[in-house]
Protein chains: 2
Amino acid sequence: MTHPLGLRERKKQQTRETIVRCAMELFAERGFDATTIADIAEAADIAPRTFFAYFPSKEDVVFHDFDAIFADFDTRLRERAHGVTAFETMREWIVERITDHADPLNEQRHALIAATPSLDAHERANMGRFNEVLTSAVAVDLDVAPDALRARMVSAAAVAALESLREIKDDEAGPDHVIAVMDEVLVFLQGGLDALRTPSEAGAASD
Amino acid sequence: MTHPLGLRERKKQQTRETIVRCAMELFAERGFDATTIADIAEAADIAPRTFFAYFPSKEDVVFHDFDAIFADFDTRLRERAHGVTAFETMREWIVERITDHADPLNEQRHALIAATPSLDAHERANMGRFNEVLTSAVAVDLDVAPDALRARMVSAAAVAALESLREIKDDEAGPDHVIAVMDEVLVFLQGGLDALRTPSEAGAASD
DNA sequence: CAGAATATCACACTGACTGCAAAATTACCG
DNA sequence: CGGTAATTTTGCAGTCAGTGTGATATTCTG
């Protein structure tokens, strides 16, 4: 009655955050592989076994917010209005995320991921999930099969742009740079699709 | 003197092949995760500890030929003649591989990968390496920075095509289908790059 | 406050992977 | 051929991630 969430839920949330904070700190200090579950548990003042009540694996701590982000993107794609392109939806979503959720810890996180092969693989798998949902949405836009080559190419190029964005993120100019990048992507994709639409001149110049 | 390779080398090669064969058999039967190193060692008639003298991890058995394939692609890209596009090089390379190395076990392998998350992540990492070298080669072609967005997009789209090819592979028509796919990719990339080159009309139609 | 629900935890276990040093095998050279 | 050096195989002990189970503690509900 005093709180929107019961004591239990609040404590759980708090413990979860403590685990994430302590773990990321240790990862930054010693590296991911050199940090054990026991280390994290001690720092967060929980039993080692309890860690696994919060995260299925050590890696999942690093990507603790991915599920929420992905779900957000997915529903956004699914619930877009008729006539609104998947790419436009993605562009909007990215600009929002950049402006709203400017997380200064992201830079540190990505340094960690880049330095840890297993995390890098995990990150790629995450991007793969973005790619999947984007591909099927693009396929709907283009009115082709869900696994059509052109849908894959469009989605892959868009996700490549997404990846390039996360490398700059905070230090470079925020929304302006993002918009510039997305514009370049749009021109590229549009040009590519137009070329596929007109079966005229195929390949003449060098790429 | 009787052999190009000494007894030692020959036995090593043989043992390596035995491990791969036995392991893949077991993986196909029971699944990757349900197969232990001890199982593989017993089947290949070696000590469990010896397994790690041949492969750094269980996963690497599945991708035992990746290093060679990747090195082939990489040198091919590096040593291409002046004026020959990275994309053209890739196209040639793929057609050769499809025709020469038609491995009937590949289908089985990819089923295994698709069914095993950790292998899927590993496979993505492998594709990521293709993407990296292709990106820098494309950047040279386009005369832009190695991490330029357009180089990334081109490479990402090409790798997406590569991934789509590996899904069909044996059952569908071989070289013909491959060439058709690569042609479509070329038109798409060419169109996209042309659009970026002419700063005229940007976005009008829907993608 | 009692009892149901749930969270924390200790314990024991599997399985991947590593370091180390002994034992077996192969190569080399006089 | 014999013996020694180089290399490979192996056993053993150990670390660490992750899981199942059941006991204990905490919170919730009436």
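Chain letters run A, B, ... following the sequence lines, proteins first and then strands; every chain starts at 1. Values below: every heavy atom of this structure, side chains too, minus hydrogens, waters and symmetry copies.
Between the C1' atom of dC9(C) and the CD1 atom of Ile19(A) lies a distance of 13 Å, rounded to the nearest Å. Taking atom CZ of residue Phe52(B) and atom P of nucleotide dT8(D), one finds them 18 Å apart after rounding to whole Å. If you measure from atom CZ of Arg10(B) to atom P of dT8(D), you get 15 Å, rounded to the nearest angstrom. Protein atom CG of Asp33(B) is 18 Å distant from nucleotide atom P of dT14(C), rounded to whole Å. With rounding to whole Å, Asp39(B) atom CG is found 14 Å from dC17(C) atom P. The distance between atom CD of Glu9(A) and atom P of dT8(C), rounded to the nearest whole Å, is 11 Å. Between Ile37(B) atom CD1 and dG11(D) atom P there is a gap of 15 Å when expressed in whole angstrom units.
Note on Thr35(B): only backbone sugar-phosphate atoms sit closer than 4.0 angstrom, heavy atoms only; bases stay farther off. Within the nucleic acid shown, Phe55(B) has no heavy atom closer than 4.0 Å to any nucleic acid atom. Among the atoms of the strands shown, none is found under 4.0 Å from any heavy atom of Phe51(B). Using a 4.0 Å heavy-atom criterion, one finds that Pro48(A) contacts no nucleic acid atom at all. Among the protein residues, Thr15(B) comes within range of no part of the nucleic acid, since none of its heavy atoms lies under 4.0 Å from any strand.
Between Phe51(B) and Phe55(B), the ring planes are tilted. Angles from 30° to 60° get that label. Ring geometry, Phe130(B) versus Phe73(B): the interplanar angle falls from 30° to 60°, so the pair is classed tilted.
Arg49(A) contributes no side-chain N or O that forms a donor-acceptor pair with the base of dG18(D) under 3.5 Å. Judged by atom type and distance alone, Arg8(B) reaches the base of dA6(D) through a side-chain donor-acceptor pair under 3.5 Å.
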Test log, rule side chain to side chain contact (heavy atoms under 4.5 Å, CB included), inputs Asp60(A) and Tyr54(A): CA-CA 9 Å; Asp60(A) 285 291; Tyr54(A) 287 88; over 6 Å; no

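The side chain of Thr36(A) lies closest to dA17(D) when the candidates are dT9(D), dT26(C), dA17(D). Among the nucleotides dC9(C), dG18(D), dT9(D), the one closest to the side chain of Ala53(B) is dT9(D).
Side-chain nitrogen and oxygen atoms of Lys11(A) include none within less than 4.0 Å of the OP1 or OP2 phosphate oxygen of dT26(D). Put simply, Tyr54(B) has no side-chain N or O that comes within less than 4.0 Å of OP1 or OP2 on dT8(D). Proximity of Lys12(B) to the phosphate of dT8(D): a side-chain N or O atom is located under 4.0 Å from OP1 or OP2.
Residue Phe32(A) holds its CZ atom at 4.5 Å from NZ of Lys58(A), rounded to the nearest 0.5 Å.
Judged as a salt bridge (charged side-chain N to carboxylate O under 4.0 Å, His left out), the pairs with a partner in residues 114-132 of chain A (not counting sequence neighbours) are, in order, Asp120(A)-Arg124(A), Glu123(A)-Arg166(A), Arg124(A)-Glu132(B), Glu132(A)-Arg124(B).
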